Protein chains: 2
Amino acid sequence: MTVTLADVAVRAQVSPATVSRVLNGNYPVAATTRERVLRAVDELDYVLNGPASALAAATSDLVGILVNDIADPFFGIMASAIQGEIGGPGGRAGGERLAVTCNTGGSPERELTYLTLLQRQRAAAVILTGGAVEDAPHAAAVAAKLRKLADAGTRVVLCGRPPAPDTDAVALTFDNRGGGKELTEHLIGLGHRRLGYIAGPEERTTTRHRLEGHRAALAEAGIAEDPRWTVHGRYDRRAGYEATLELLRRDPTLTAVVAANDSVALGACAALRESGLRIPADVSVAGFDDLPFSIDAVPSLTTVRLPLAEAGARAGRIAMGREEPPPGGIATVRGELMVRGSTGVPRA
Amino acid sequence: MTVTLADVAVRAQVSPATVSRVLNGNYPVAATTRERVLRAVDELDYVLNGPASALAAATSDLVGILVNDIADPFFGIMASAIQGEIGGPGGRAGGERLAVTCNTGGSPERELTYLTLLQRQRAAAVILTGGAVEDAPHAAAVAAKLRKLADAGTRVVLCGRPPAPDTDAVALTFDNRGGGKELTEHLIGLGHRRLGYIAGPEERTTTRHRLEGHRAALAEAGIAEDPRWTVHGRYDRRAGYEATLELLRRDPTLTAVVAANDSVALGACAALRESGLRIPADVSVAGFDDLPFSIDAVPSLTTVRLPLAEAGARAGRIAMGREEPPPGGIATVRGELMVRGSTGVPRA
DNA sequence: GACCGTATAGAAAGCGCTTGCTGCGTTGCT
DNA sequence: AGCAACGCAGCAAGCGCTTTCTATACGGTC
């Protein structure tokens, strides 16, 4: 039924061992023999049996990428960059790896299950992207899993995610706190004193860090923060829309709204516009991430650009062992403030 | 070093066969025995060896999803919906499947290579999303691969992709032609007679079908099309921006621009605005797909909504054998015209 | 009490591949 | 010429699991 290595061996008049070695190219095989084997492979249209190969060799060519939300370009862009470096098809011949993206939906259990599935497949590497959930038991469980993966020879890299304690996973962390601070400083510099903040879901590192940056900026400027000025929600436009309405209800005198990310900011803009407020004349709006559509918003969004593609590519290279991990295994990736049309001086 | 089935068997004082049966749950095992085994599994922290299991059982729990561009929400939304149905974690216990997304980047070779990789892994199912490349040799190669996959027991489903001839792959096809026609009819109905069209890359089915719909609408209205009114480009905002400038250069009297998709439309809006033209007062703009950000554009985008999530979910269910394929294996999924602010009557 | 059906567990034969070791024919060196 | 060294190919032993077939033990029946 299916063609096996043995069939190829018979056809090429060599032993299965030789066929295997030709295919893996890590053992001297005479040119003429190799050619004969390759011809047989071609004629029989042979396809290696991955599981069998993985079993015998005790390694596989799977590389897992965990994302919180595959429908969000934030993750899509990183995943795309990672895959580009994993080589999938396109890498050096023979070294083809299957880069697979797993969508956790932000759920801790799913994250763990996927990690187990990947462990079960004896993945060559695993890359976790995006913020982590801040729950001690869960964090410990993930750390344990990562340790086991590492023990089994799987390379583990965190991209855009804080370092995992008690783990020697390489971490490329975004400076969410610094970016958040800079953004709010920009607003304060323009003269804003009453700033609403639409945060992401609680219990997520990204949410907390960005919020901390925001508050640090307020504190440094001597602005007392009103608890009514912060609302939590998901990382999507809908949440931004609703949160903005809520903020406006709580305090109609706000002159600026800082959003957890660009999608949220877009929702905020929609809500403000529908409320009859002009941006930035009446209310300034700022986002985070600088996703591609941000520049097309009207007015275009002031935001913090995160080098998603670059970070992803680097994480991919490290996972493939093609680039040295940063000293200490941890690197901080900084964002860049992009001042655009959605922020301006507050109304008098 | 690593814990194996045999270790668990020893610990639970049963044979490896019994452990396997407990884990797979498809054979009667006494409750007390089962419990003993499960306890041993737990205590030893045993994780099944996927490759070994796949080899012995001649099947795997991998499901592959091929997308053209994972950074594009168009694909992200579909992939997300598919994964939701595949069950990954979250499906029935024990039936966990690893849904993996493979990014072809629109390259035919990569598509083929990923298909081979999936074949090599003996994937349980493969879902191809998005338009196909219209190149006879390549189409034949893909069809051949799909046939082989099907022969090997892999379920093949096409989602948002035209049927593959000589294949019995189930196809859920978007009615791009119908949607394109309806969109242009809407514009013509408003009074437009000089319409620019920013098409996607040539040689892609999606591009051709949408363009055909557009032309059909023009033809029916008796509007002679000027070849200068069509420009090809990639499916991103940058391409839309540049194409629009080119269209304006070629014919400044255009009163409407129809874009290949929403991202392109966003780029078009930016270009028009920078050229000092108002939307829709001076020029109307229309997109396609109705991605989440489209409603937030200013003015919000008139577009054709494609039920991406629904189609993806359905494709996922069919791939998992949880839903009957449509009669004949082919279903057409229609889009819905969403008339919003970016289109209006042409300037006098 | 012998007989049989049923429920449950074990033995063992692979699944298709990789790889350490062995063996042989050849080349290179003295 | 003689010996070591080397290049290349084959043998065979698994890798860790699934599954068919077989064995055992029980309970009930006549």
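Protein chains get the first letters and strands the later ones, always in sequence-line order, with residue 1 at the start of each. All values reported here derive from a predicted model rather than from experimental measurement.
For B:Glu43, the salt bridge (Lys or Arg N to Asp or Glu O under 4.0 Å) partners two or more places apart in sequence, or in a different chain, are B:Arg11. Evaluation of the side-chain contact (heavy atoms from CB on, under 4.5 Å) rule for B:Glu323 yields B:Arg314, B:Arg317, B:Ile318 as partners, not counting sequence neighbours. With sequence neighbours left out, B:Arg161 forms a salt bridge (Lys or Arg N to Asp or Glu O under 4.0 Å) with B:Glu111. Judged as a side-chain contact (heavy atoms from CB on, under 4.5 Å), and not counting sequence neighbours, the contacts of B:Ala57 are B:Thr59. Annotation: salt bridge (Lys or Arg N to Asp or Glu O under 4.0 Å) contacts of B:Asp45 (sequence neighbours excluded): A:Lys148. For B:Glu134, the side-chain contact (heavy atoms from CB on, under 4.5 Å) partners are B:Glu203, B:Thr205, B:Arg208, not counting sequence neighbours. Residues that satisfy the side-chain contact (heavy atoms from CB on, under 4.5 Å) test with A:Ala309, not counting sequence neighbours, are A:Ile77, A:Ala81. Looking at residues two or more places apart in sequence or on another chain, you find no salt bridge (Lys or Arg N to Asp or Glu O under 4.0 Å) involving B:Arg122.
Comparing A:Thr32 and B:Val19, the nucleotide of DNA chain D nearest to each residue sits closer to the 5' end for A:Thr32. If B:Pro28 and B:Ala57 are placed on DNA chain C by their nearest nucleotide, the residue sitting closer to the 5' end is B:Pro28. Comparing B:Val14 and A:Pro16 by the nucleotide of DNA chain C whose heavy atom lies nearest to each, the residue mapping closer to the 5' end is B:Val14.
A 4.5 Å side-chain heavy-atom check between A:Leu146 and A:Leu149 finds at least one atom pair inside the cut-off. Considering only heavy atoms from C-beta on, B:Leu115 comes within 4.5 Å of B:Val126 through its side chain.
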Q: Begin from the C-alpha positions of A:Asn49 and B:Gln119 and carry the test side chain to side chain donor-acceptor pair (under 3.5 Å) through to its verdict.
A: CA-CA 8 Å; A:Asn49 182 318; B:Gln119 179 186 6; over 6 Å; no

Q: Before giving the answer on side chain to side chain donor-acceptor pair (under 3.5 Å), spell out for A:Thr104 and A:Ser107 the whole-Å C-alpha distance, their side-chain angles and the decisive distance to 0.1 Å.
A: CA-CA 6 Å; A:Thr104 68; A:Ser107 143; over 6 Å; no

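With the end axes of the helix from C:dG1-D:dC30 to C:dT30-D:dA1 each set by five pairs, the angle from one to the other reads 40° at 10° resolution.
Within residues 37-52 of chain A, the residues approaching DNA chain C are A:Tyr46, A:Leu48, A:Asn49, A:Ala52, by heavy-atom distance under 4.0 Å.
At D:dG10, one or more side-chain N or O atoms of A:Ser15 fall inside 4.0 Å of OP1 or OP2 (strictly under the cut-off).
Look at CZ on B:Arg122: it is 18 Å from P on D:dT18, rounded to the nearest Å. Remark: C1' of D:dT18 and CG of B:Asn24 are 8 Å apart, rounded to the nearest angstrom. One interatomic measurement links the two molecules: CD of A:Glu35 to P of D:dC8, which rounds to 15 Å at whole-angstrom precision.
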**Q.** Per-nucleotide protein contact string for nucleotides 21-28 of chain D, where B marks a base within reach and S marks sugar-phosphate only (heavy atoms under 4.0 Å, - for neither)
**A.** B-------

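Nucleotides of DNA chain C with any atom under 4.0 Å from a heavy atom of chain A span, from 5' to 3', C:dG16 to C:dC21.
Within 4.0 Å of B:Ala30, counting heavy atoms only, lie sugar-phosphate atoms of the nucleic acid but no base atom.
Not one N or O on the side chain of B:Ser60 forms a donor-acceptor pair closer than 3.5 Å with the backbone of B:Ala54.
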